[in-house]
*Asks:* 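First, the structure itself, so that you have it in front of you.
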Amino acid sequence: MATVLTQKNEGTYTFASQPRPAPQRKKYRDSDEPEGEDGPSKFGNIMYDKRVVRGSTYARHNLPTTTEPDPLEVQRQREARRRAIARKRAREQLKPRTPPAVDGREHKDVQTELYLEELSDRIEEADVECQTDAFLDRPATPLFIPAKTGADAATQIYENDLFDFDVEVRPILEVLVGKTVEQALLEVMEEEELANLRTQQREFEELRNAEMVEQQRLEEQERRHREEKERRMKQQREALMKEKENTAKIAARAFAQGYLADLIPSVFGNLATQGYFYDPVERDVEDGFMPWLVENVTKELEDMMSSRSLLDELLASVVARRQQEHELLEQNWGKSSQQPAAPEPQSRGSEVTSNPAPEQVPVAATESAPPVQPTVQVEDSSSPEETDAAEESEQPAE
């Protein structure tokens, strides 16, 4: 969609189109890409070509540091190759093909070119013969002699016409002798100079050795002074540190003494109060003797109380029984006084007798023992002797 903007001035206009995303382009063209209306597209934009290097062409490409390929990259390439093979197979399956032949017929490949040629699996072969002459040995190459050019000429030279040895050798000898003497002088001067250099070097070495000895002595002296200084400073620091420690210890001791002056008595007092400090004899008396004594006294008192309570119960029961007997006797005497006189044997036979007093209950009996109830029996047929014996047996109980 294209829109034409309004013209601001005469003779100028602008053109703009709606923004749209760039289509995804393939890396390579497909060989069986369908043709468009105007035929196959034979152009491409190199801006989207991956083979075109972008940026500075002088820049150095960074090569991988290792020869081993990246496992992720190898996996990615395998996946891409697998997808490409799958797409190719899908395209081959979807590609329209010739329908199968009907029954009784078969498809054959035929040539549709303008010029036909016979197709055969066997290559045509033909034998041809030819006779040649025998080879002869090559003769030796003749020596090359250049052809003479120009005219020959000659001249006569007598002795000493061109070279006089005595005259010609003089300058050469002078040069050789001069050079030899000069070289000897140079060597002598060089030896003297070397001797002077050795002497100077020896003197320099002696002076240097003396200076080095002096330097070593000074360095050793400086080292001893430095070590002595460090040792003194270390001793001073240790002395100051010990003094500080002693001062801190004295202060801590004074503070501890002042703090413990009131703390120790209170702590010992609390410990003594709680029973941590005790006299063994006193503790033995308190823990061993006094509980035993209290237990025995308590037991004796309990025995005395139980015996007294039993005695009181016995006395109470005896008194109650005697009171009942007296009441019965009074009643009987009253009845006998109201009745007419009877013969002596009959009157004695009508006396009321009671059972003999029960035996005394032992002191060890329990407090909950029931009181002994008296049993009263009226014996009309008892003899006077039996009555007197019963009275006599009752008197000790009273």
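Basis for what follows: all heavy atoms, side chains included, without hydrogens, waters or symmetry-related copies.
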*Asks:* Let me confirm one number: the CD-CG distance from Glu214 to Asn209, rounded to the nearest 0.5 Å.
*Replies:* 13.0 Å
*Asks:* Tell me the closest heavy-atom pair linking Ser309 and Ser306, and the distance in Å.
*Replies:* OG-O, 2.6 Å
*Asks:* Can you tell me if CZ on Arg170 sees more than 12 non-hydrogen neighbours from other groups inside 6.0 Å?
*Replies:* no
*Asks:* Hey, quick one: are Val297 and Val285 part of the same hydrophobic cluster, counting side-chain heavy atoms closer than 4.5 Å, chains of contacts allowed?
*Replies:* yes
*Asks:* CD/Gln331 to NE2/His326 distance, rounded to the nearest 0.5 angstrom?
*Replies:*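 So the gap between those two atoms works out to 13.5 Å.
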*Asks:* Walk me through it: do Glu227 and Lys229 pass the test salt bridge (charged side-chain N to carboxylate O under 4.0 Å, His left out)?
*Replies:* CA-CA 5 Å; Glu227 291 179 355; Lys229 182 180 178 181; over 6 Å; no
*Asks:* Taking the side chain as C-beta and beyond, is there a heavy-atom pair between Glu238 and Lys234 under 4.5 Å?
*Replies:* yes
*Asks:* Does a sphere of radius 6.0 Å around CG in Asp262 hold more than 12 heavy atoms from other residues, nucleotides or ligands, not counting ones at 6.0 Å or beyond?
*Replies:*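 Check fails, neighbour count at 12 or below.
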*Asks:* Is a side-chain donor or acceptor of Asp284 paired with a backbone partner of Pro280 at a separation under 3.5 angstrom?
*Replies:* no
*Asks:* On the 0 to 90° scale, with breaks at 30° and 60°, tag the Trp292-Phe289 ring pair as parallel, tilted or perpendicular.
*Replies:*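 Trp292 vs Phe289 ring planes: tilted.
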*Asks:* For Leu240 and Arg237, what are the C-alpha separation, side-chain angles and deciding distance, and is it a side chain to side chain contact (heavy atoms under 4.5 Å, CB included)?
*Replies:* CA-CA 5 Å; Leu240 293 175; Arg237 284 195 296 269; 5.6 Å; no
*Asks:* Passes salt bridge (charged side-chain N to carboxylate O under 4.0 Å, His left out), Lys95 versus Glu92? Steps please.
*Replies:* CA-CA 5 Å; Lys95 186 177 180 180; Glu92 290 179 356; over 6 Å; no
*Asks:* Nearest 0.5 Å, what's the CZ-CE distance between Arg226 and Met233?
*Replies:*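 Reported value, rounded in 0.5 Å steps: 13.0 Å.
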*Asks:* CZ of Phe204 to CD of Gln201: how many Å apart, nearest 0.5 Å?
*Replies:*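 Interatomic distance, Phe204 CZ to Gln201 CD, rounded to 0.5 Å: 9.0 Å.
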*Asks:* If you count every heavy atom of other residues, nucleotides or ligands that lies below 6.0 Å from Arg89 atom CZ, does the total exceed 12?
*Replies:*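 No - once you tally the heavy atoms of other residues, nucleotides and ligands closer than 6.0 Å, there are 12 at most.
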*Asks:* Give a yes or no on whether Arg217 atom CZ has more than 12 heavy-atom contacts from other residues, nucleotides or ligands under 6.0 Å away.
*Replies:*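 Above 12, so yes.
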*Asks:* With rounding to the nearest 0.5 angstrom, report the CD to CD distance, Glu302 to Glu295.
*Replies:*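 One gets 9.5 Å once the value is rounded to the nearest 0.5 Å.
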*Asks:* Going by heavy atoms in the side chains, are Glu182 and Lys179 under 4.5 Å from each other?
*Replies:*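 With C-beta onward as the side chain, the pair touches.
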*Asks:* Apply the test salt bridge (charged side-chain N to carboxylate O under 4.0 Å, His left out) to residues Glu79 and Arg82: give CA-CA distance (whole Å), side-chain angles for both, the deciding distance (0.1 Å), then the verdict.
*Replies:* CA-CA 5 Å; Glu79 293 293 336; Arg82 191 182 300 109; 2.9 Å; yes
*Asks:* Within the side chain of His107, is there an N or O that forms a donor-acceptor pair under 3.5 Å with the backbone of Pro99?
*Replies:*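 It does hold such a pair.
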*Asks:* If we only count heavy atoms from C-beta on, is the Leu311 to Arg308 side-chain gap below 4.5 Å?
*Replies:*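 They are not in side-chain contact.
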*Asks:* Please report the interatomic distance CZ(Phe268) to OG1(Thr273), rounded to the nearest 0.5 Å.
*Replies:*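 If I round to the nearest 0.5 Å, the distance is 13.0 Å.
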*Asks:* Check whether any side-chain heavy atom of Glu228 lies under 4.5 Å from a side-chain heavy atom of Arg224, and answer yes or no.
*Replies:* no
*Asks:* Given the rule that I, L, V, M, F, W and Y join up when any side-chain heavy atoms are under 4.5 Å apart, are Met290 and Leu301 in one cluster?
*Replies:*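 Same cluster.
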*Asks:* Determine, stepwise, if the pair Arg232 / Gln236 fulfils side chain to side chain contact (heavy atoms under 4.5 Å, CB included).
*Replies:* CA-CA 6 Å; Arg232 294 292 180 84; Gln236 187 67 18; over 6 Å; no
*Asks:* Would you kindly confirm whether Ile172 and Val167 end up in one hydrophobic cluster when ILVMFWY residues are joined by side chain heavy atoms under 4.5 Å apart?
*Replies:* no
*Asks:* Would you mind reporting whether Leu218 and Glu222 have side-chain heavy atoms less than 4.5 Å apart?
*Replies:* no
*Asks:* Would you say that Leu72 contacts Gln75 through its side chain, given a criterion of any heavy-atom pair below 4.5 Å between the two side chains?
*Replies:* no
*Asks:* Side chains of Arg208 and Met212: does their closest heavy-atom pair fall under 4.5 Å?
*Replies:* yes
*Asks:* Quick check: is Tyr259 connected to Leu271 through a chain of hydrophobic side chains (ILVMFWY, heavy atoms under 4.5 Å apart)?
*Replies:*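 Yes, one cluster joins them.
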